[in-house]
**Student:** 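There's a structure below that I have some questions on.
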Amino acid sequence: MKAKSLVLSLLLVVSAFLYGCNANKNDGQTKKANDVLTVYTTIYPLKDFAEKIGGSYVKAESIYPPGVEAHTFEPTTQTMKKLADADAFIYVGAGMEEFINKTMQTLQNEHVTFIEGTKGIPLLDSTSEHETSEEHHDHGDKDPHVWLDPILSIQIAENIKNALIELKPEAKDTFEKNFASLKQQLQQLDQQFQAVVNTAPKKEILVSHAAYGYWEKRYGIHEISIAGLSPSNEPSQKELAQIIDTAKKHHIRYVIFEQNVTPKVADIVKNEIGAEPLRLHNLETLTEDDIQKKKDYFSIMKENITVLKKALQ
Ligand SMILES: [Zn+2]
Ligand SMILES: [Zn+2]
């Protein structure tokens, strides 16, 4: 009897093992049959690049709701469930997403692939772009706003392209071709930035959110930030006085706000120096209006160039 039950349980183990293999195999086949990769991203440009490179092979969606404050975003349980079922999750890295390590840990047994957009890209220190204080940092030492530099965006796009090829090697030719045309568009955008800044009489801009450090490096613009890297941090009275001084010294006529945040402090400075408000788009999230008007990375960046041209006069 003992031997018989041993054989029986062995059989059970073996069949369970075989069943397991079959289940995996079936899963793999369904996966292959399904031609579209489900991709989630954090900031908007990652979604736009993933779609532009992926074409009909990729369905991408940002987990950020329209107009959300990207620097303090935390995913909900529902979002975590979506990520668990996705093929890939593309994030910036560089300290942009405070929740990323915890999310990776939670989803480590899921089949979702994590793709770091800024992998291998030399990052700026976030302190280097400050006129006033170095005290207000709450999301890392590096400046994460890499996507605002069209040339560095080519590297982000290349990271995405390489990851998509690994996920779907049979679509390699399409991904390579789409990446090449995206790269060309980004190079043209860079030339448009160069042209505007090179002919501008002024190099300083006064911004409410220090998101444009990479323009400093690439184009020689000087960004004077009102609220530091995080829009929730307001400068002290002393820092405020310094900012107003600097703005007056450089004859700054415009204060640049953003599409998703308008800190009160920027209003104070605007009133103090009598400068007109302009809006730059940091592309972290789209607004409802952007979505309705079907704007993309390039149409928004071209609007940014127009604003920059005015601000640098
Ligand atoms: Zn930002
Ligand atoms: Zn700071």
Side-chain angles (χ1 to χ4, degrees), residues 41-49 62-75 90-100 103 116-118 121-153 155-156 193 205-219 221-235 243 255-266 269 277-287 290 295 297 300-301 303-305 307-308 311:
T41 76
T42 58
I43 57 146
Y44 170 72
L46 300 176
K47 166 196 148 70
D48 196 27
F49 293 173
S62 168
I63 62 165
Y64 292 165
V68 80
E69 166 45 82
H71 288 277
T72 51
F73 176 87
E74 289 283 340
I90 313 174
Y91 64 104
V92 177
M96 181 68 197
E97 297 93 353
E98 286 181 27
F99 59 85
I100 196 67
T103 302
E116 185 183 17
T118 58
I121 296 178
L123 301 168
L124 293 180
D125 289 338
S126 59
T127 46
S128 67
E129 63 196 78
H130 281 269
E131 272 282 314
T132 53
S133 168
E134 287 170 23
E135 281 171 354
H136 36 78
H137 294 108
D138 57 1
H139 60 262
D141 319 321
K142 297 295 176 188
D143 183 346
H145 303 94
V146 180
W147 62 89
L148 288 163
D149 178 335
I151 296 300
L152 293 180
S153 289
Q155 276 178 266
I156 296 177
F193 266 101
I205 55 172
L206 188 62
V207 296
S208 63
H209 170 204
Y212 308 95
Y214 289 91
W215 288 358
E216 293 195 338
K217 177 126 196 269
R218 177 80 50 200
Y219 305 117
I221 290 167
H222 186 50
E223 143 188 271
I224 304 166
S225 69
I226 297 169
L229 273 184
S230 173
S232 53
N233 291 321
E234 298 183 1
I243 291 165
V255 178
I256 296 172
F257 296 90
E258 299 207 299
Q259 83 286 0
N260 57 348
V261 277
T262 315
K264 271 183 192 160
V265 68
V269 176
L278 289 176
R279 268 170 196 273
L280 276 176
H281 201 308
N282 61 35
L283 286 118
E284 285 167 10
T285 59
L286 295 188
T287 63
D290 297 331
K295 292 186 184 176
Y297 177 87
I300 293 170
M301 284 295 262
E303 287 174 8
N304 278 346
I305 290 178
V307 170
L308 196 59

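Just so it is clear, the values below take in all heavy atoms, side chains as well, and ignore hydrogens, waters and symmetry mates. Each ligand, and each atom within it, is numbered from 1 in the order the structure gives.
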**Student:** Going by distance alone, is a donor N or O of one side chain under 3.5 Å from an acceptor N or O of the other, for Y91 and T103?
**Tutor:**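 No, T103 and Y91 have no side-chain donor paired with an acceptor closer than 3.5 Å.
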
**Student:** Taking all heavy atoms of T42 and all of S62, pick out the closest pair and write down the distance.
**Tutor:**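 Heavy atoms of T42 and S62 come nearest at O-OG, 2.6 Å.
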
**Student:** Indicate the ring-plane relationship of Y219 and F193, choosing parallel, tilted or perpendicular according to the 30° and 60° boundaries.
**Tutor:**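 The arrangement is parallel - the two ring planes meet at less than 30°.
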
**Student:** From the N, O or S atoms in H145, identify the one nearest to the Zn ion (ligand 1).
**Tutor:**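 Among the N, O or S atoms of H145, the one closest to the Zn ion (ligand 1) is NE2.
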
**Student:** How is the N/O/S atom of H71 that comes nearest to the Zn ion (ligand 1) named?
**Tutor:**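 Sorting the N, O and S atoms of H71 by distance to the Zn ion (ligand 1) puts NE2 first.
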
**Student:** Going by heavy atoms in the side chains, are Y64 and Y44 under 4.5 Å from each other?
**Tutor:**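 They are not in side-chain contact.
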
**Student:** Measure from the Zn ion (ligand 1) to every N/O/S atom of E284 and report the name of the nearest one.
**Tutor:**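 Per the distance ranking, E284 contributes OE2 as its closest N/O/S atom to the Zn ion (ligand 1).
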
